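Owing to the predicted nature of the structure, the values given are computational and were not obtained by experimental measurement. To find a chain, count down the sequence lines: A is the first, B the second, and so on, and within it residues start at 1.
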2 protein chains.
Amino acid sequence: MTASGPLLLLVEDEPQMRRFLRVALEGGGYRYLEAATGQEGLAMAAQHRPDLILLDLGLPDMDGLDLMTRLREWARTPVIILSARGQEADKIGALDVGADDYLTKPFGTGELLARIRVALRHADTGDVQDPVFSLGRWRVDLARRQVLVEGREIHLTPIEYRLFTTLIRHAGKVVTQRQLLKEVWGGVAGAQPLYLRVYMAQLRHKLEEDPSRPRYLRTEPGVGYRLRTED
Amino acid sequence: MTASGPLLLLVEDEPQMRRFLRVALEGGGYRYLEAATGQEGLAMAAQHRPDLILLDLGLPDMDGLDLMTRLREWARTPVIILSARGQEADKIGALDVGADDYLTKPFGTGELLARIRVALRHADTGDVQDPVFSLGRWRVDLARRQVLVEGREIHLTPIEYRLFTTLIRHAGKVVTQRQLLKEVWGGVAGAQPLYLRVYMAQLRHKLEEDPSRPRYLRTEPGVGYRLRTED
DNA sequence: GGAAGACGTTAAGAAAGCGTTAGGAAAACT
DNA sequence: AGTTTTCCTAACGCTTTCTTAACGTCTTCC
């Protein structure tokens, strides 16, 4: 399971503001890089190609608008300006040299994150690939609830699908019978280990190349089952 | 590309604010349309396809966020929210349902124009989103609310259409019964899975070549339905 | 090497879910 | 107000899915 989130670049010199932003960005689940000067910011933008840049206008070494201009010579990375100055002329200037948004301090983390989402949404190229779990001949698109074996779509019943995805969630690890019964049948009293045998057999028939000698859907005798991920 | 500039749609009920905006937009050299209510705004958006929408949240006839949501079902026209409410929660809500910017009154004409420029910049650098969904023999013009099957126009009732476009919006993915009921019937208490069966049958009769063996409008037993996009 | 426990396999009946039809109620339109 | 369209609802039969039982196979341990 791949697909790490967007990468943000934070260009900000004041330590206090940096701390605030760190908390905000981490709260939003973003990865981020930090630069304390304009020079450094430009260099990091070039090197790491972040998905979005948060730029403080009050940098010590260069004017924020200059930085914007230089950046726009080669990149269209969305930029959100953070500034203590709320004068209309400042905003207009920044937006017109290519900034995508302008936030005046102080601002809330919620609004910041919402505006980051907007900017990233714009940058979206359109078709977003769903996270896909793949293993051997299998491709499982959890968002689509779709299982492909060598490109062919395989239909799984609700219980089969829940059982399979439960194993996927714990891929590589042994899942005990008790746990599987609980997660798939949802704590219903009547759930018996026999069910697991029946449905594991069905899964193997639908998914394994040689169901009688399963390669991935392995039994751990006396304990439970596990989805083998290595070879 | 014609000689005239971008067309803006202004959805605003207060006469005073309208006068202010007229002056601002004319100063910026824009053509614009005006609507005083949400209904009117949606209709004009569909008919005239403006390049950008300025939307006041405090409309008399419908909630501004509802309007956003309805609009985003078929169009990605940039929307700038104008609001007297500056609460962070309001901003976050509006931005997350698809607004592109949020301006709190009072604001200056200069900043408004600058933010309009930013929004329009996004629209033309980015991909022009095709408001037509096509699949197999089907062509669905989401803006015109028109469904063609092999070029023939097929009439769908409101519920049929909402059900169909909901599936289109999640094309390829399984949409659970619960979710469909919520999105189509709008969280009304009485909505039952039976409704889905009835309307899916009607959709299949109107759209599928062989309604008894549907190719695209697929059932996922025990889960929901999905619009199959591949083969 | 045999017995016991654990697991795999198959099939069939039961249950749940789904498709279909139609008629009356409600809403929209004229 | 009358007409037409749309929506809701119930009933019935069909299909899919789940459950359950019986039996075969494998492993382990004495």
Is a salt bridge present between [X] and [Y], judged by a nitrogen-to-oxygen distance below 4.0 Å?
| X | Y | answer |
| --- | --- | --- |
| B:Asp210 | B:Arg215 | no |
| B:Arg18 | B:Glu12 | no |
| B:Glu150 | B:Arg139 | no |
| B:Asp56 | B:Lys105 | yes |

Report the distance from atom [atom1] of [X] to atom [atom2] of [N], rounded to the nearest whole Å.
| X | N | atom1 | atom2 | value |
| --- | --- | --- | --- | --- |
| A:Leu203 | C:dG8 | CG | C1' | 14 Å |
| A:Gln192 | C:dA6 | CD | C1' | 15 Å |
| A:Arg218 | D:dC26 | CZ | C1' | 14 Å |
| A:Tyr199 | C:dG8 | OH | P | 15 Å |
| B:Leu181 | D:dC8 | CG | P | 11 Å |
| B:Arg213 | C:dT20 | CZ | P | 12 Å |
| B:Leu196 | C:dT20 | CG | P | 14 Å |

Between B:Arg137 and B:Leu207, is there a donor-acceptor pair closer than 3.5 Å when you use the side chain of the first and the backbone of the second?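 Side chain of B:Arg137 to backbone of B:Leu207: a pair is present.
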Relative to the 5' end of DNA chain D, which residue comes earlier, A:Leu194 or B:Leu194, by the nucleotide with the nearest heavy atom?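 This one resolves to B:Leu194.
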Residue mapping more 5' on DNA chain D - nearest nucleotide basis, A:Leu156 or B:Leu156: B:Leu156
Within less than 4.0 Å of OP1 or OP2 of [N], is there a side-chain N or O belonging to [X]?
| X | N | result |
| --- | --- | --- |
| A:Tyr195 | D:dC18 | no |
| A:Trp185 | D:dC18 | no |
| B:His155 | D:dT6 | yes |

Base, backbone or nothing for each nucleotide of nucleotides 10-18 of chain C, written B, S, -, heavy atoms under 4.0 angstrom, 5' to 3'? B------SB
If you look only at pairs with a residue in residues 165-179 of chain B, which of them pass as a salt bridge (charged side-chain N to carboxylate O under 4.0 Å, His left out), with sequence neighbours excluded? A:Asp130-B:Lys173, B:Arg169-B:Glu183
Closest of D:dC18, D:dC8, C:dT20 to the A:Thr157 side chain is D:dC18
Nucleotide nearest A:Ile159 when distance is taken to its side chain, options D:dA10, D:dA22, D:dT19: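 Minimum distance to the A:Ile159 side chain belongs to D:dT19.
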For B:Arg152, enumerate each residue passing the salt bridge (Lys or Arg N to Asp or Glu O under 4.0 Å) test, keeping only those at least two apart in sequence or located in another chain.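 For B:Arg152, no residue satisfies salt bridge (Lys or Arg N to Asp or Glu O under 4.0 Å) once neighbours in sequence are set aside.
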